[in-house]
Amino acid sequence: MIKLLVATRNRHKLEEIRAILGPGFECRSLEDFPDAPRVTEDGRTFAENAEKKARALAQWLAGRPEARSGQPWLVLADDSGLETDALDGAPGVCSARFAAEEADGPENCSDAANNAKLLRLLRDAPPERRGARFRCVMALSSVPPGETRFFEGVCEGRILEAPHGTGGFGYDPLFAPEGGRRAFAEMSAEEKNRLSHRARALAALKAWARDRGL
Ligand code: IMP
């Protein structure tokens, strides 16, 4: 059993990560560690943000009693977002705070506000300009931090003209993965978890753990 602190307060992300990793991993999140420090995601790339979160939390966890007994912990940080062709890769690392950018705000915004902004900016984009992808970079750190390992996953698709479905989170109602017309938000959790950027990054992590006999 691998003990993982997943560096997120986003319940949807945690549930996806738990479901995809399966029974060989015991996953805790920052909800289980309310005293954990908040790490500002001010990097220019997904990898920079993921590494910053993983290492800061691994350093913090190393000083906690939980880390001094039993099986060693690993810290896993996910940074992910949506890249669109029509907007030259935006919102990218700013995906969570896309709607706040106009007000120059540092805070995350509601999914509804982010989706409304994306639809507005792509209102006149023809089908051939609506290409997009979700990208996820996972950083894995030992406790205390040593070398960081990275696992990346990409899911290609397109931005729909209107929201569809009620499942998932974030931009799921506007994103249809390639090979079909249905949005992620119209799929079951199992179906999204077979196709998603997060699933692909975690498949690489599982292969790495298997190769090392973990
Ligand atoms: P993070 O929590 O800083 O990694 O921000 C990720 C942001 O990207 C989220 O708030 C969502 O807006 C978006 N995002 C990442 N993964 C997904 C996904 O699987 N579906 C929909 N939106 C996603």
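Remember, it's 1-based here, ligands and their atoms both numbered in the order they're listed. Numbers for residues simply follow the sequence, beginning at 1. Note that the structure is a prediction, hence the values are computed from the model and not measured.
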Compile the donor-acceptor pairs under 3.5 Å between side chains in residues 154-164 and protein atoms, sequence neighbours left out, one pair per line.
| from | atom 1 | to | atom 2 | distance (Å) |
| --- | --- | --- | --- | --- |
| E156 | OE1 | R133 | NE | 3.1 |
| E156 | OE2 | R133 | NE | 3.1 |

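In the model, T40 has no side-chain atom that pairs as donor or acceptor with a side-chain atom of D42 under 3.5 Å.
Side-chain N or O atoms of N115 include one that pairs as donor or acceptor with a backbone N or O of G170 at under 3.5 Å.
Residue pairs meeting the ring-ring contact (aromatic ring centres under 6.0 Å, His included) criterion with at least one partner in residues 1-22, sequence neighbours excluded, are H12-F169. Within the structure, no pair that satisfies the side-chain hydrogen bond (donor to acceptor under 3.5 Å, both in side chains) test touches residues 205-214, not counting sequence neighbours.
In this structure, M138 is not a member of the same hydrophobic cluster as L82, with clusters built from ILVMFWY side-chain heavy atoms closer than 4.5 Å.
The contact shell of ligand 1, taken as protein residues with any non-hydrogen atom closer than 4.0 angstrom, comprises K13, E41, D78, D79, S80, G81, S95, A96, F134, F169, G170, Y171, D172, K192, H197, R198.
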